[in-house]
2 protein chains.
Amino acid sequence: MINLVKNLSVYNRRTKSSVIRELLKLTNQPGIISLAGGLPAPDLFPVETMREVVNSVLDKYSAAALQYGATEGTPELKAELVKLLKETEGLDLKPENILITTASQQGLDLIGKTFIDASDPILVELPSYIGGLQAFKSYGAEMIGVKCDDDGLLLENLELKLQKLLEEEEHYKFIYVVPDFQNPSGVTMSQKRREQLIKMSEKYDVLIIEDSPYRQIRFEGKAPDMLYKLDKSSNVISVFTFSKIFVPGLRLGFMIGHEEIIKKLSKMKQSLDLCTSPFNQLIAAEFLKGGYLPSHIEKINASYKSKKDAMLNALQEYMPKVEGISWTKPEGGLFLWLRLPEHIDTEVLFYEAIKKQVAFVIGSAFYCDKTGNNTMRLNFSYPSEEQIDEGIKRLALVVKKFL
Amino acid sequence: MINLVKNLSVYNRRTKSSVIRELLKLTNQPGIISLAGGLPAPDLFPVETMREVVNSVLDKYSAAALQYGATEGTPELKAELVKLLKETEGLDLKPENILITTASQQGLDLIGKTFIDASDPILVELPSYIGGLQAFKSYGAEMIGVKCDDDGLLLENLELKLQKLLEEEEHYKFIYVVPDFQNPSGVTMSQKRREQLIKMSEKYDVLIIEDSPYRQIRFEGKAPDMLYKLDKSSNVISVFTFSKIFVPGLRLGFMIGHEEIIKKLSKMKQSLDLCTSPFNQLIAAEFLKGGYLPSHIEKINASYKSKKDAMLNALQEYMPKVEGISWTKPEGGLFLWLRLPEHIDTEVLFYEAIKKQVAFVIGSAFYCDKTGNNTMRLNFSYPSEEQIDEGIKRLALVVKKFL
């Protein structure tokens, strides 16, 4: 074989098997309660609706459902999405504002490929979604972390970073945010912060990437406006997925933006996979057209709310009541965020937790600046309520040992 | 909006809407017989088998078919592919030698992402598959064209290019070939050339990418061995797709290679789309397990052979019998290649052909060195035999005008 190391691209060599992946391997042992994953609950997947919808696609479209399709996406799905985003978000879109993607991870990769040259700075949240960081890093992006609190991005910190980049004559490419029930923190950006962020994007002439996989998974409280809706300057690209509101197994997502931006993204998609599965797109279109989405989302939200409450109750009951231990109280999504006193390193704690048969994701994995050592991500969508209760009980015992 | 030009990546700016795309737009006008496309014939798609198979997947796997899956691919499909490649190609593979991809275009993109840094030279055929060139170019590859004849790659020319690169202290990354019924030329690399190419890969310590979308679409003649089979040094990566032997609409393909290489490719796939649709993978696995593939391929081959013969007959009947006009006689695949006298520019001829209501793809689009102006690609899989006859008749009239 060729000398692999000498023939790999720089990026491949620099991508280490991440700590998180190595740690996740340990969580698959029998008996372990995993609060580490990020999977939706499969018992909620609409298997029988799926069967109906698939058969209906084959009836209606026959061979045409199985042919290659347009890179931009099939017109049937785009038409349904225009309607959906009008009804649910008040957005006025044309089909030309939409690009269908092979799930939202491809959307993030496309953004990298479209905008990033090696060493270009981009601004990301502290903490931020790993899949986004990974995609942008693969094009050589330089990550600049921006501090967050329980209302999302701290705008003063963002402005400080933007000014510094301007002074250094650096060409920042975009600000990447997950404004609703963020992965990993579960935090939602407040309406006020959103309005300020949009102003900032105008002042500093910078694109905003609004990654929105969880927005529809809201159990309680009122949704702030989408950044896309607040923006009047076409400075926002929003990225969505069907993974959390329908099923992940179709690998289907979409992005919206100004027509000219969508054209540029679409040109890049051509060399990635020519087009997203037209069969899967028609399945989703049929699912939307059949009106199955609202009741399905209701079902998901009822289940996840109950699990989230179970986790909050367990944290309240079992976690030691000491200074420095706190957690977020998300109104939706799949995750919450636990902060421990600063001297505790959750990577060290992780191995102890595995011994006690409970797993989580270490917080530092989500920080581009390698901070956040005292934090962890907890998932409540996948485990049962019993597992959540028992898992948090075990975790609390481990935390006590580290105090 | 931000200034788009100033914010795009270098690659996005350098990717022009290709001549071929612009020309293809003209071929959609009513009345035009298009020999330009590259689509499989949809009337051959096994719609009812698809329905059976999909329902069986939902019966057997239920919600598990709709969840996220492993980046490397689902074990069920890999197991079927190990069997298939043993039976049809005599390959001894383990599941670890296989990576499932979102069709073969993603395979090509992954190869680019895994091996290419900007300005790295790679060696490609003259002419070569556009989708491959596009994917490699997106990582900044420098294309070095190698001459071909009707037996495939000219090895002396390849060696010359390799030696020159060595002298220049350039680090060539791989040789990219489509050895069976090449797109665009329809040429198959002979057994002897294949053996020589494998020797060359050892001598020059260089990886070979064997792109193999059409290999099973053989109507006549005996298949030479796969490069993968001839190689004893793990220097070959082979890329396959289900698009031509099943349906393109699932966007499903796979690649095979040494276990260590597959690991490196897999690491890159993570940030592209996390995993290929497990639902679609299980559909393909069920199709293979059900034993539907051999008879389906037989049906395709019978139809395409008949269409290929119709095209050869029409060329024989209508094309002017003059020095410099020749065409390939493929034993399989979807395309053949027409060469005209050197003074004829098929891009100029194209507009005249459109006036006469027939379309093709200009040959120069497939040449990385911008030669091949007197050539064109003709597709016989999509049009009917009547359209092929009439289309070639019209084309011959245009060619006569240019002589």
Side-chain angles (χ1 to χ4, degrees), chain A residues 1-2 4 7-12 15 39 42-43 45 47 50-51 54-55 58 62-68 102-103 105-106 109 113-117 131 134-135 138-139 173 205-207 233-235 247-251 258 260-261 264 267-268 270-274 276-280, chain B residues 1-2 4 7-12 15 39 42-43 45 47 50-51 54-55 58 62-68 102-103 105-106 109 113-117 131 134-135 138-139 173 205-207 233-235 247-251 258 260-261 264 267-268 270-274 276-280:
Chain A
M1 191 165 60
I2 55 158
L4 210 42
N7 281 281
L8 291 174
S9 63
V10 170
Y11 172 62
N12 201 307
T15 306
L39 300 182
D43 51 306
F45 292 166
V47 179
M50 184 77 183
R51 189 192 300 273
V54 169
N55 281 292
L58 289 171
S62 188
L66 307 175
Q67 187 57 285
Y68 288 98
T102 306
Q105 187 64 38
Q106 185 180 65
D109 183 64
K113 200 161 183 118
T114 301
F115 294 106
I116 299 173
D117 287 323
Q134 207 182 345
S138 86
Y139 295 96
K173 287 294 178 79
D205 196 25
V206 56
L207 206 59
S233 309
S234 301
N235 275 353
V247 293
L250 291 178
R251 311 309 299 127
H258 187 281
E260 287 306 312
I261 295 179
K264 299 295 182 192
K267 188 168 71 173
M268 298 294 95
Q270 180 78 10
S271 77
L272 287 186
D273 63 1
L274 303 181
T276 293
S277 166
F279 181 58
N280 297 10
Chain B
M1 191 165 61
I2 54 158
L4 210 42
N7 282 281
L8 291 175
S9 62
V10 170
Y11 172 61
N12 201 308
T15 306
L39 301 182
D43 50 307
F45 292 166
V47 179
M50 184 78 183
R51 190 193 298 274
V54 169
N55 281 293
L58 290 171
S62 187
L66 308 175
Q67 186 58 284
Y68 287 99
T102 306
Q105 186 64 37
Q106 184 180 65
D109 183 65
K113 201 163 183 118
T114 300
F115 295 106
I116 299 173
D117 287 323
Q134 206 182 346
S138 85
Y139 295 97
K173 288 295 177 77
D205 197 26
V206 57
L207 205 60
S233 310
S234 302
N235 276 353
V247 293
L250 290 178
R251 309 310 299 125
H258 187 281
E260 288 306 313
I261 295 179
K264 299 295 182 193
K267 189 168 70 171
M268 297 295 94
Q270 179 79 11
S271 76
L272 286 186
D273 62 2
L274 303 182
T276 292
S277 166
F279 182 57
N280 297 11

So which of [options] has the largest heavy-atom pair count under 4.5 angstrom toward chain A?
options: B:Q134, B:M50, B:R51; result: B:R51
options: B:G131, B:S234, B:A65; result: B:S234
options: B:T276, B:V206, B:N280; result: B:N280
options: B:N7, B:D205, B:V247; result: B:N7
options: B:V10, B:L4, B:N55; result: B:N55

So does [Y] get a backbone contact from the side chain of [X], meaning a donor-acceptor N/O pair under 3.5 Å?
X: A:K264; Y: B:L8; answer: no
X: A:S233; Y: B:M1; answer: no
X: A:S9; Y: B:T114; answer: yes

Q | Chi angles and distances behind the side chain to side chain contact (heavy atoms under 4.5 Å, CB included) call for A:R251, B:T102 | A | CA-CA 10 Å; A:R251 311 309 299 127; B:T102 306; over 6 Å; no
Q: Name all residues meeting the side chain to side chain contact (heavy atoms under 4.5 Å, CB included) criterion together with A:S62; count only those two or more places apart in sequence or in a different chain, and write none if there are none.
A: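 Expected list: B:V47.
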(Q) Could you work out, with side chain to side chain donor-acceptor pair (under 3.5 Å) as the rule, every residue matching A:K173, not counting sequence neighbours? (A)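 So A:K173 forms a side chain to side chain donor-acceptor pair (under 3.5 Å) with A:D120.
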Heavy-atom proximity to chain B below 4.5 Å, by part of [X]:
X: A:V54; value: side chain
X: A:L272; value: both
X: A:A135; value: both

(Q) I need the minimum non-hydrogen distance between A:G249 and B:S277, along with the two atoms involved. (A)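 Shortest heavy-atom contact: O-OG, 2.6 Å.
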Q) If you look at every heavy atom in A:A63 and B:P42, which pair is closest and at what distance? A)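 Closest approach of A:A63 to B:P42: CB-O, 3.4 Å.
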Q) Given a strict heavy-atom distance threshold of 4.5 Å, which part of B:I116 is in contact with chain A: side chain, backbone, both, or neither? A)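 Backbone only.
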Q. Do A:D273 and B:D109 touch side chain to side chain, with heavy atoms closer than 4.5 Å?
A.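 They are not in contact (no side-chain heavy atoms under 4.5 Å apart), so the answer is no.
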Q: Would you mind reporting whether A:Q270 and B:T15 have side-chain heavy atoms less than 4.5 Å apart?
A: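 No, their side chains stay 4.5 Å or more apart.
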Q. Could you state the interatomic distance from CZ (B:F115) to OH (A:Y11), rounded to the nearest 0.5 Å?
A.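 Going from CZ on B:F115 over to OH on A:Y11, the span is 15.0 Å.
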Q: Quick one: which of A:I261, A:L274, A:L207 has the most heavy-atom pairs under 4.5 Å with chain B, could you say?
A: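 The answer is A:L274.
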